Amino acid sequence: MDYPSPRSRPATFSFLALMAGVYLGQLALAGSLSSEAAFTVIDGLHWFVYTLLNPWLHSYHLHILQNALIVGLLGWWAEGTVGSDSFTIAVILSGYTTNLAPYFVGLGGLGVGASGITNMLWAFFLASQLLGYMHAMAAEQGSKRQAMIHLGWVFVALIFVVKTVAEFVGYIPAPDNAATGAHLLGVLLGFCWFILRHTDLTARIPFDVQAS
């Protein structure tokens, strides 16, 4: 079995190490290991330090654990799918854009954390699995089981993407202090990333499939 390793997924493991290192630094500055300690040092950061580190700063233990889990799982998949260079660019651009841009366009305040990145990955994963399902269904032989696997992942990813949109529009309550604008922007960037990588979608999918 092919287990992920720093050698096979260097960008994913580098981002996880960066998140862990910055969070440990926050706890050290706070002088406490309590769950809320990391949040107490964010407001006191110089604006340049905040701008430099905002995707890797986190507010509490569960915040970083949730984001690290998604970055680890979907990052391992995405880096293996698109390559380390493309993955690195997508993560960095989405990380800074989702935390900074909403403040300037009126979608919320400044954000911290990798939630924009994780929402970008969920949207990219959703679109990729949907495309995989369509290809599997269009294939002539032996792909129905694979199609069902893709469809299962589509539904899993859809839950997270729909939740993000529903929280932004207020259909369901968002967690306290959640950067819903950053989360929504992450979803939009994920779909944009997918479209940029598949600009010839209609040419790739044989829609004239005959019923078997």
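The analysis underlying the following values was restricted to heavy atoms, covering all of them including side chains, and did not include hydrogens, waters or symmetry mates. Residue numbers count from 1 along this sequence. All values reported here derive from a predicted model rather than from experimental measurement.
- Using a distance-only test at 3.5 Å, with no hydrogens or angles considered, a donor-acceptor pair links the side chain of Ser94 to the main chain of Val91.
- The hydrophobic clustering, which links ILVMFWY residues whose side-chain heavy atoms are closer than 4.5 Å, places Val41 and Val49 apart.
- When all heavy atoms of Leu184 and Val165 are compared, the closest pair comes out as CD1-CG2, 4.1 Å.
- Between Trp56 and Gln26 the shortest heavy-atom distance is O-OE1, 4.4 Å.
- Side-chain N or O atoms of His58 include none that pairs as donor or acceptor with a backbone N or O of Val22 at under 3.5 Å.
- Hydrophobic clustering, with ILVMFWY side chains joined whenever heavy atoms are under 4.5 angstrom apart, groups Val71 together with Tyr96.
- For the pair Ala68 and Leu16, the tightest heavy-atom approach, listed with the atom from each and the gap, is O-CD2, 3.4 Å.
- In terms of heavy atoms, His150 sits closest to Ala136 at CD2-CB, 4.5 Å.
- Between Ala38 and Leu27 the shortest heavy-atom distance is N-CD2, 4.0 Å.
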Verdict with reasoning, Ser128 to Thr81, per side chain to side chain contact (heavy atoms under 4.5 Å, CB included): CA-CA 10 Å; Ser128 299; Thr81 300; 5.8 Å; no
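- Counting heavy atoms from C-beta outward, Met120 and Phe194 have side chains that stay 4.5 Å or more apart.
- By the side-chain contact (heavy atoms from CB on, under 4.5 Å) test, Leu158 pairs with Leu126, Val162, sequence neighbours left out.
- Residue Ile89 is not grouped with residue Phe13 when hydrophobic side chains (ILVMFWY) are merged at heavy-atom distances under 4.5 angstrom, including chains of intermediate members.
- If you chain together hydrophobic residues whose side chains sit under 4.5 Å apart, Ile70 and Leu62 never meet in one group.
- The closest side-chain heavy-atom distance from His63 to Phe39 is not below 4.5 Å.
- Side chain of Glu36 to backbone of Tyr60: no donor-acceptor contact under 3.5 angstrom is found.
- Tested against Trp153, the residues Phe160, Trp122, Phe125, Tyr133 include a single ring-ring contact (aromatic ring centres under 6.0 Å, His included) partner, Phe125.
- Between atom CG of residue Leu18 and atom OH of residue Tyr23 there is a gap of 15.0 Å, rounded to the nearest 0.5 Å.
- No continuous path of hydrophobic side-chain contacts links Val112 to Leu69 [ILVMFWY only; heavy atoms under 4.5 Å].
- Tested against Ser115 for a side-chain hydrogen bond (donor to acceptor under 3.5 Å, both in side chains), the candidates Thr180, Thr98, Asn67 yield a single pass: Asn67.
- One distance of note links CD1 of Ile172 with OG1 of Thr164; it measures 8.5 Å at 0.5 Å rounding.
- The side chain to side chain donor-acceptor pair (under 3.5 Å) pairs that include a residue from residues 38-55 are Asn54-Asn99, where partners are two or more places apart or lie in different chains.
- Atom OG of residue Ser35 and atom CD1 of residue Ile64 lie 11.5 Å apart, to the nearest 0.5 angstrom.
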Worked check of side-chain hydrogen bond (donor to acceptor under 3.5 Å, both in side chains) between Glu79 and Ser84: CA-CA 5 Å; Glu79 186 175 0; Ser84 296; 2.6 Å; yes
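- Considering all non-hydrogen atoms of both residues, Leu93 and Thr97 come closest at O-OG1, 2.6 Å.
- Within the 4.5 Å cutoff, the side chain of Phe87 has heavy atoms near those of the Phe15 side chain.
- Pairs passing the ring pair (Phe, Tyr, Trp, His ring centres under 6.0 Å) check and including a residue from residues 169-192, sequence neighbours excluded, do not occur.
- Looking only at side-chain heavy atoms (C-beta outward), Gln146 and His135 stay at 4.5 Å or farther from each other.
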